[in-house]
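Note sheet for the following structure.
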Amino acid sequence: MKNSAFKVFKRDANSNQKRLRKLGQTPGIIYGEFLKTSIPIQIPTFELEKLLKTNNSGSIIPIELDGKTLNCVVKEVQKNTLHEILHVDLQYTKPNEVIKMRIPVRTIGQEALEFKKLVLETYNSFIDLQGSVEKIPEYIEIDVSEMKFEDKIFVEDVSIPEDVTVLTNPKTLLAVVNA
């Protein structure tokens with residue numbers, strides 16, 4: 001999803017992260033092969049939550065820092081047991097850079113299964129991919145509407161764009177149709 005740049009601010013790496021969170025800020029870091037050093041950042045928590053709701057883990061997100069726009073992908077979001085965001089890791093990417101990403105798998109057509117009194121049991125909801133940042137999809141969509149009882153979906157059954165390598169074992173089970 002393309003949107004305007006999300007504004008983040010540099011922070012002192014030694015700053016008290018609990019205090020930042022109490023002030024409505026979430027600590028994070030931007031790193032990448034083409035940065036001289038990692039950049040400790042803080043982002044307003046409400047902005048981060050908006051960013052995470054409107055983008056997938058594979059989305060290229062424009063981040064504004066000190067008047068410069070950096071294209072980044074979300075690599076990790078750390079949460080506590082209450083699902084509150086504690087920290088975010090962003091990876092800076094250059095155009096055509098080859099990166100590794102964990103991409104979510106989405107299923108469509110589950111209503112057709114429910115109509116047949118079947119249910120889709122999900123075992124893995126992500127696939128690890130490597131490729132050019134522009135070629136890796138934001139998510140992988142699988143249509144399950146035509147599946148029957150005990151049909152299985154493995155990683156090897158999923159259509160992946162050309163020039164993108166699957167890092168997950170092809171025999172990994174993604175889902176099974178059960179009654």
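What's counted below: heavy atoms across the whole structure, side chains too, no hydrogens, waters or symmetry copies. Computed from a prediction, not measured in an experiment: that's the story for all the values here.
Of the charged side-chain nitrogens involved, at least one lies within less than 4.0 Å of a carboxylate oxygen, so that Glu156 and Lys171 count as a salt-bridged pair.
Note on Val164 and Leu174: same hydrophobic cluster, where clusters join Ile, Leu, Val, Met, Phe, Trp and Tyr whose side-chain heavy atoms are under 4.5 Å apart, directly or indirectly. When the side chains of ILVMFWY residues are joined at heavy-atom separations under 4.5 Å, either directly or via intervening members, Tyr31 and Val74 end up in two distinct hydrophobic clusters.
Heavy atoms from other residues, nucleotides or ligands lying under 6.0 Å from NZ of Lys135 number 12 at most.
One finds the NZ atom of Lys75 at 8.5 Å from the NZ atom of Lys100 (value rounded to the nearest 0.5 Å). Annotation: the span from Phe9 atom CZ to Leu65 atom CG amounts to 9.5 Å, rounded to 0.5 Å. Separation of atoms CD (Gln78) and CG (Leu86) is listed at 7.0 Å; rounding is to 0.5 Å. With rounding to the nearest 0.5 angstrom, the CZ atom of Arg11 is 10.5 Å from the CG atom of Asn16. Separation of atoms CD1 (Ile136) and CD1 (Ile99) is listed at 5.0 Å; rounding is to 0.5 Å. Atom-to-atom distance recorded for Thr168:OG1 and Ile127:CD1 is 6.0 Å, nearest 0.5 angstrom.
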Residues Ser15, Leu20; criterion side-chain contact (heavy atoms from CB on, under 4.5 Å); working and verdict: CA-CA 8 Å; Ser15 61; Leu20 268 179; 3.9 Å; yes
Please walk me through it: do Leu173 and Lys152 pass side-chain contact (heavy atoms from CB on, under 4.5 Å)? CA-CA 7 Å; Leu173 180 63; Lys152 297 176 180 166; 3.9 Å; yes
I'd like to know whether Val133 forms a side-chain contact (heavy atoms from CB on, under 4.5 Å) with Ile60, so could you lay out the CA-CA distance, the side-chain angles of the two residues, the decisive distance to 0.1 Å, and finally the verdict. CA-CA 8 Å; Val133 88; Ile60 298 173; 4.0 Å; yes
Checking side-chain contact (heavy atoms from CB on, under 4.5 Å) for the pair Ile41/Leu90: CA distance, chi angles, key distance, verdict? CA-CA 10 Å; Ile41 60 164; Leu90 303 172; 3.9 Å; yes
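Nearest heavy atom pair, residue Pro137 against residue Ile103, reads O-CD1, 3.3 Å. Of all the heavy atoms in Val73 and Met101, the pair that sits closest is CG2-SD, 3.7 Å. The minimum heavy-atom distance linking Asn169 with Thr172 is given by the pair O-OG1, 2.8 Å. The two atoms that bring Thr93 and Glu97 nearest to each other are CA-OE1, 3.1 Å, heavy atoms only. Residue Pro170 comes nearest to Phe154 through the heavy atom pair O-CB, 3.8 Å, listed as atom of the first residue, atom of the second, then distance. When every heavy atom of Met147 is checked against every heavy atom of Leu113, the shortest pair comes out as O-CD2, 3.6 Å.
Put simply, the side chain of Glu84 does not reach to within 4.5 Å of the side chain of Lys79, judged on heavy atoms. Residues Phe34 and Tyr92 meet the side-chain proximity criterion, which asks for heavy atoms closer than 4.5 Å. Between Lys116 and Phe149, every side-chain heavy-atom pair lies at or beyond the 4.5 Å cut-off. Between Cys72 and Gln91 there is no side-chain heavy-atom pair separated by less than 4.5 Å. Annotation: side chain of Leu35 is not in contact with side chain of Thr37 (no heavy-atom distance under 4.5 Å). No side-chain heavy atom of Val176 sits less than 4.5 Å from a side-chain heavy atom of Asp151. Residues Ile30 and Asp89 have side chains not in contact (no heavy-atom distance under 4.5 Å, counting atoms from C-beta outward). The side-chain heavy atoms of Leu129 and Thr165, taken from C-beta on, include no pair separated by under 4.5 Å.
Looking only at distances, a side-chain donor or acceptor of Asp143 sits under 3.5 Å from a matching main-chain atom of Ser145. Counting only distance, with no hydrogens or angles, the side chain of Ser125 and the backbone of Val105 share no donor-acceptor pair below 3.5 Å.
Among pairs with a residue in residues 64-73, those fulfilling salt bridge (charged side-chain N to carboxylate O under 4.0 Å, His left out) read Lys7-Glu64, Lys10-Asp66, at least two apart in sequence or across chains.
For the side-chain contact (heavy atoms from CB on, under 4.5 Å) with Ile63, the lone residue among Ile39, Leu51, Asn71 that qualifies is Leu51. Applying side-chain contact (heavy atoms from CB on, under 4.5 Å) to Val177 and the options Val119, Ile153, Leu120, Val144 leaves one that passes, Leu120.
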Result block: side-chain N/O donor-acceptor pairs under 3.5 angstrom for residues 22-29, not counting sequence neighbours:
residue, atom, partner, partner atom, Å
Thr26, OG1, Thr45, OG1, 2.8

